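Notes follow once the structure below has been shown.
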4 protein chains.
Amino acid sequence: MPRSNGRHLTSRSGDEEVAQRGRPTGNHEAKRAELLKAATSVIAQEGYANASLRKVAKRAGYTTGAVTYYFANKEEMVIALAESRFDNYDAMLEAIQGEGDIKTLVNSWLKTTVGDPEFWPVMSELLAHGRHDPALARVIAERYARYRDIYASILAAAQAQGTIRDDIPADLLADQLSAMGDGWTMMSPIEPERFTPQRVRELVDAVIALIAPVSGGRREAGS
Amino acid sequence: MPRSNGRHLTSRSGDEEVAQRGRPTGNHEAKRAELLKAATSVIAQEGYANASLRKVAKRAGYTTGAVTYYFANKEEMVIALAESRFDNYDAMLEAIQGEGDIKTLVNSWLKTTVGDPEFWPVMSELLAHGRHDPALARVIAERYARYRDIYASILAAAQAQGTIRDDIPADLLADQLSAMGDGWTMMSPIEPERFTPQRVRELVDAVIALIAPVSGGRREAGS
Amino acid sequence: MPRSNGRHLTSRSGDEEVAQRGRPTGNHEAKRAELLKAATSVIAQEGYANASLRKVAKRAGYTTGAVTYYFANKEEMVIALAESRFDNYDAMLEAIQGEGDIKTLVNSWLKTTVGDPEFWPVMSELLAHGRHDPALARVIAERYARYRDIYASILAAAQAQGTIRDDIPADLLADQLSAMGDGWTMMSPIEPERFTPQRVRELVDAVIALIAPVSGGRREAGS
Amino acid sequence: MPRSNGRHLTSRSGDEEVAQRGRPTGNHEAKRAELLKAATSVIAQEGYANASLRKVAKRAGYTTGAVTYYFANKEEMVIALAESRFDNYDAMLEAIQGEGDIKTLVNSWLKTTVGDPEFWPVMSELLAHGRHDPALARVIAERYARYRDIYASILAAAQAQGTIRDDIPADLLADQLSAMGDGWTMMSPIEPERFTPQRVRELVDAVIALIAPVSGGRREAGS
DNA sequence: AATGAATGAGCGTTCATTCAT
DNA sequence: TATGAATGAACGCTCATTCAT
C-alpha cells in the first residue's frame with residue numbers, strides 16, 4: 001500500500017473522515033479519476049507521445065498494471081481523459097453562463113481557462129492526437145459541436161438584444177470565434193512569450209470590437 | 001523534381017533490378033528534397049509520432065541508413081521539412097500578393113492551400129510537435145511572425161484604401177485571422193466532414209464580412 | 001544459485017513449453033544475479049564491446065526487455081556486475097586471510113582466482129572499459145584502493161615479523177604487486193600460451209624472492 | 001580538394017618544397033601514416049570502441065572512403081597502427097639504450113613515454129582490444145616478447161656488472177617489471193589523480209630498490 | 001587516387017500489453 | 001483489486017563496408 005493519505009477515506013454522513021474497512025465501495029471511479037488526473041499532468045508536461053503508462057502510473061503512485069486494470073488500453077484512457085476534461089469545461093461554461101454582456105462573459109471564461117495551467121496544453125495535445133485516434137476524434141467533434149451550439153445560442157441572444165452585430169449568422173460567428181480560440185491554443189505553447197497578459201487583453205478587446213454591432217445596413221454573409 | 005525514378009537501378013545480367021551501391025549521379029540537395037517529400041507524405045498520413053525513419057526511407061525507396069546519411073537525426077529532418085514547407089508557402093504568398101481586393105486574395109490563398117491535400121495535415125502536425133521541439137518551435141515562431149507582418153501590411157494597405165475596417169489595428173486583425181486559420185487547420189483533420197466546400201465558402205464570406213468596413217464612427221480597440 | 005531452470009515454463013495443453021507472462025515466483029535479487037551471471041559469461045567470452053543486451057538476455061534465457069526491466073541501462077548493469085565481482089573477491093580475500101606465510105597466501109589466492117576461468121577475462125574487460133565509464137571507474141578505483149590497503153596491511157604485518165623486506169614502505173610494495181597482477185591480467189588473454197602453470201609458478205616464486213628480506217642495511221626508497 | 005597545405009608537396013633533392021605535378025609518387029605510405037596519426041589521436045581520446053572510421057577520416061581531413069582505400073578494414077588499420085606505435089617505441093628504446101645505470105635508463109624511458117600524452121591511453125586500448133583480435137594479439141605478443149628479451153639482456157648486463165640483484169633470472173625480472181608497467185598503464189586512465197609526479201617518482205624509486213643488489217647469499221628463484 | 005552515396009545489420013532503449021499471482 | 005515480471009516489436013541511431021564514379 002504505497003500511500004497513507006486520503007485514499008480509502010471518505011466522509012460519508014458527517015464531517016469526519018472515517019477509515020474504511022474491507023473492500024472500499026465506489027472507489028472504482030475515484031481511482032480512475034485519480035489516474036486521469038495523473039495522466040492529465042503528464043500529458044500537459046510531456047505531451048501525448050511521451051506520456052507512457054508507466055509515467056502516468058508512477059505519478060499517481062501506482063504500478064503499471066493498475067493503469068491497465070482501470071483502462072483497457074491507452075486509447076481508452078485518453079478518451080476518458082478527454083471526456084473528463086470536457087465535463088469540467090461544461091461545468092465551467094454552465095457556471096459563467098448568464099453573465100450580462102459579452103465582454104464580461106469572455107473575461108470570466110478567460111479567467112477560468114488560463115487559470116488552469118494545464119488547460120491549454122492538454123487541449124492542444126488532445127486536438128493534435130485526435131487526428132490519429134478516431135474514437136478520440138469523435139468525442140472531440142461531438143463536444144465541439146455542442147460548444148459551438150452553445151456559443152451560437154449565446155451569440156444569437158446577444159444579437160436579439162442588439163449587443164453584437166447581426167449581419168453574420170450566429171453559428172458562423174461561433175465557428176469563427178471557436179477557431180480563433182483553437183488557433184491561440186495551439187500557438188501559445190510554441191511562442192509563449194508572445195502571449196503576455198497585455199497582448200491577451202488587446203486580442204480580447206479586438207475580438208469584442210470585431211463582433212460589436214455595425215451601425216450601418218445589414219449585409220447577410222455566408223449563404 | 002529532377003529524377004522521376006529516384007533510385008539507381010541497373011539490370012545487370014538479366015531483368016532483375018539490383019540496388020546500386022557506390023557513387024551515384026544526382027545531387028545532394030535533390031536527394032534531400034526527395035526524402036523530405038517522402039517524409040511529408042508519411043507525416044501527412046500518419047502523423048509525426050508515427051513517422052519513423054524507416055517508414056520515410058521505405059516510402060522514398062531507400063533504406064534507413066540513407067535517411068540518417070542525409071539528415072543528422074530526426075529533429076534535423078523535421079526542421080528541414082518545416083523550412084521547406086514554409087519556403088513553399090512564401091513563394092505562394094509572393095505569387096498571389098498584389099491581387100486586387102481582399103476577397104480575391106483570400107480565395108487565391110484558399111485555392112492553393114486546400115489544393116494540396118498534404119498542406120493542412122502536415123502543418124497541424126508541425127504545429128503540434130513544435131511544443132516538444134524547441135528548434136522547430138523557433139522556426140515556426142519566426143516564420144509565423146513574418147507572416148503576421150505580411151498579413152498586417154496587406155491589411156494596413158486595405159485599411160488605407162478603405163476596403164476593410166480600420167477601427168482595429170492591422171496587426172491585431174492579422175493575429176486574429178491567423179489564429180482563425182490555425183484553428184481550422186487543427187480541426188479539419190478531426191472533423192473533415194464538417195469542412196465541406198459549401199461551409200468553407202460560408203466561413204470565408206463571414207470572415208470577409210467580419211473585416212468589412214464599419215460605416216459608423218471609429219473605435220480603436222486594444223490599446 | 002536459487003533456480004536451476006531459471007525460466008517459467010509450463011506445459012499447457014500438451015508437451016509444448018510456453019514462455020509465461022504474468023507474475024512469476026522468485027525474487028528480484030535472484031533474477032538480477034541470474035542476469036548478471038549471464039552478463040559475466042558473455043563479457044568473459046566476447047568482451048564488453050560485443051556484449052549486447054540481446055546476447056545477455058539470450059544467454060540467460062530471457063528476452064531483451066527483461067534485461068532492461070532489471071537494469072535501467074547497460075551502464076547500470078555493468079556496474080552492478082563489477083560490484084558483484086568485487087564482492088566475490090572480497091569474500092575470497094577474507095577467506096584466505098590469516099594464512100601463515102606470504103607464499104602460502106599467494107598460492108591460495110592464485111588457486112581461487114585462476115580457478116575461475118572467467119575471473120581474469122572479466123576483470124580485464126572491466127578495467128579497460130572503466131576508462132570510458134566514469135561511474136565504473138569510480139567503483140574500480142574505490143575497490144582497488146581498498147585492496148591496496150589490505151595488501152599493504154598484510155605486507156606491513158609481514159614486515160613486522162621480518163618475513164619480508166622492510167626497506168620499501170608496505171604501501172609502495174602493495175602498489176607494485178598489485179600493478180604486476182594487473183599487468184598479467186591484461187596480458188594473459190592476449191598470450192595465454194605464455195602463462196603455463198610452470199611459468200606461473202616461476203613468476204610467483206620470483207615475486208616471493210623479490211620481496212624476501214634483504215640481509216644487508218636498510219635503504220628507504222620512495223620519499 | 002579539401003586541403004591546401006603540405007599535401008602533395010615533397011622536398012626531394014633540395015631544400016625547397018616543390019609542388020608536385022601529376023601523380024604524386026611515394027605518397028601512399030605518407031597518407032597511411034597521416035591516417036594512422038589521426039586514428040591514434042581518436043583512439044587515445046575516445047577509445048577503440050568509439051573510434052569509427054568516420055571519425056578517423058574526419059580528423060585526418062579525408063572522407064570515409066579514403067580510410068577504406070588505404071586500409072582493407074578496421075582491423076588492418078588498427079594493426080598497422082599498433083605496428084607503427086611499436087616501431088616508435090623501438091626507436092625510443094634504441095635511443096636511450098647504453099645509458100649508464102638502471103636508474104638513469106628508467107628515467108629516460110619514463111620521460112619519453114609520459115611525455116607523449118597519447119602513449120599510455122593508446123597502449124591500454126590496444127592491449128584491451130587485442131583480446132578480441134587475434135591478429136592484433138599476435139603483433140602485441142611478438143613485440144612484447146622482443147621487449148622482454150631486450151629488457152632481460154639489459155638486466156643481465158647489469159647483473160653481470162653487479163649493479164642489480166642477480167638472485168632472480170633476468171628474464172623473470174624483465175617479465176615482472178614489464179607486467180608492473182602494464183598494470184600502471186591500465187590503471188592510470190581509471191584513476192589518473194593517483195599518479196601524481198610525486199607518486200610516480202616514489203614508485204620508480206621503489207622499483208629501483210626492488211631490483212637493487214642484495215648483499216647476502218644468492219638464492220636462485222623460479223626454477 | 002579518392003569520393004561519398006547507400007546498405008543493412010546491429011545497437012541501447014522504450015513501450016503498450018499480457019497475465020499468473 | 002492490484003501487482004510487477006516479462007514479452008516482443010518498434011524506434012532512432014551508428015557503423016563497417018561496398019562500390020560506381
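Please read these numbers as outputs of a predicted model, since none were measured by experiment. Side-chain atoms are counted along with the backbone in the values below, which use heavy atoms only and exclude waters and symmetry mates.
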Is A/R59 paired with A/E34 through a side-chain N to carboxylate O contact shorter than 4.0 Å?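 The answer is no: the pair does not qualify as a salt bridge.
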
Parallel, tilted or perpendicular: which fits the ring planes of C/H129 and C/Y48, with parallel below 30° and perpendicular above 60°?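 Because their plane-to-plane angle is under 30°, the rings of C/H129 and C/Y48 count as parallel.
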
[options]: which one has an atom nearest the side-chain heavy atoms of [X]?
| X | options | answer |
| --- | --- | --- |
| A/T68 | F/dT17, F/dT1, E/dT18 | E/dT18 |
| B/Y62 | E/dT13, F/dG8, E/dA6 | E/dA6 |
| C/K74 | F/dT3, E/dT13, E/dT7 | E/dT13 |

Starting from [atom2] on [N], measure out to [atom1] on [X] and report it in whole angstrom.
| X | N | atom1 | atom2 | value |
| --- | --- | --- | --- | --- |
| A/Y48 | E/dC15 | OH | P | 12 Å |
| A/K58 | F/dG4 | NZ | P | 13 Å |
| A/L53 | F/dG4 | CG | P | 16 Å |
| A/F71 | E/dA16 | CZ | P | 14 Å |
| A/E76 | E/dT17 | CD | P | 10 Å |
| A/D133 | E/dA16 | CG | C1' | 14 Å |
| A/E75 | E/dC15 | CD | P | 18 Å |
| A/Y69 | E/dT17 | OH | P | 18 Å |

Considering every strand and a 4.0 Å limit on heavy-atom distances, what is the contact class for D/A51: base, sugar-phosphate, or nothing?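 Sugar-phosphate, no base atom in range.
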
Taking any heavy-atom pair under 4.0 Å as a contact, classify C/S52: base, sugar-phosphate, or nothing.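 The residue C/S52 makes sugar-phosphate contact but no base contact.
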
Between B/N50 and C/V67, name the one whose nearest nucleotide on DNA chain F is closer to the 5' end.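 By nearest-heavy-atom nucleotide position, the 5'-most residue is C/V67.
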
Below 3.5 Å, does any donor atom in the side chain of B/R54 face an acceptor in the base of F/dA10, or the other way round?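 It does not, because no donor-acceptor pair links the side chain of B/R54 to the base of F/dA10 below 3.5 Å.
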
Toward the 5' end of DNA chain E, which comes first, C/A72 or B/A66, by nearest nucleotide?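 Checking each residue's closest nucleotide, the 5'-ward one belongs to B/A66.
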
More 5' along DNA chain E: C/T64 or A/G65, using each one's nearest nucleotide?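 Closer to the 5' end of DNA chain E: C/T64.
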
Side chain proximity check, B/T68 to B/N73, heavy atoms < 4.5 angstrom: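 No, every pair of side-chain atoms sits at 4.5 Å or beyond.
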
Side chains of D/H132 and C/Q45: donor-acceptor distance under 3.5 Å anywhere?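 Checked: D/H132/C/Q45 side chains show no N/O donor-acceptor pair below 3.5 Å.
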
So, does [X] get its side chain near the phosphate of [N], meaning an N or O under 4.0 Å from OP1 or OP2?
| X | N | value |
| --- | --- | --- |
| C/K31 | F/dG4 | no |
| B/Y70 | E/dA6 | yes |
| D/K55 | F/dT14 | no |

Between atom CG of B/L36 and atom OG of B/S84, what is the distance when rounded to the nearest 0.5 Å?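 Interatomic distance, B/L36 CG to B/S84 OG, rounded to 0.5 Å: 4.5 Å.
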
Under a 3.5 Å cut-off for both contacts, is [N] paired Watson-Crick or G-U wobble with anything, and if yes, with which nucleotide?
| N | answer |
| --- | --- |
| F/dA20 | E/dT3 |
| F/dT14 | E/dA9 |
| F/dG8 | E/dC15 |

Worked check of salt bridge (charged side-chain N to carboxylate O under 4.0 Å, His left out) between A/E75 and A/R138: CA-CA 13 Å; A/E75 186 180 343; A/R138 226 187 45 243; over 6 Å; no

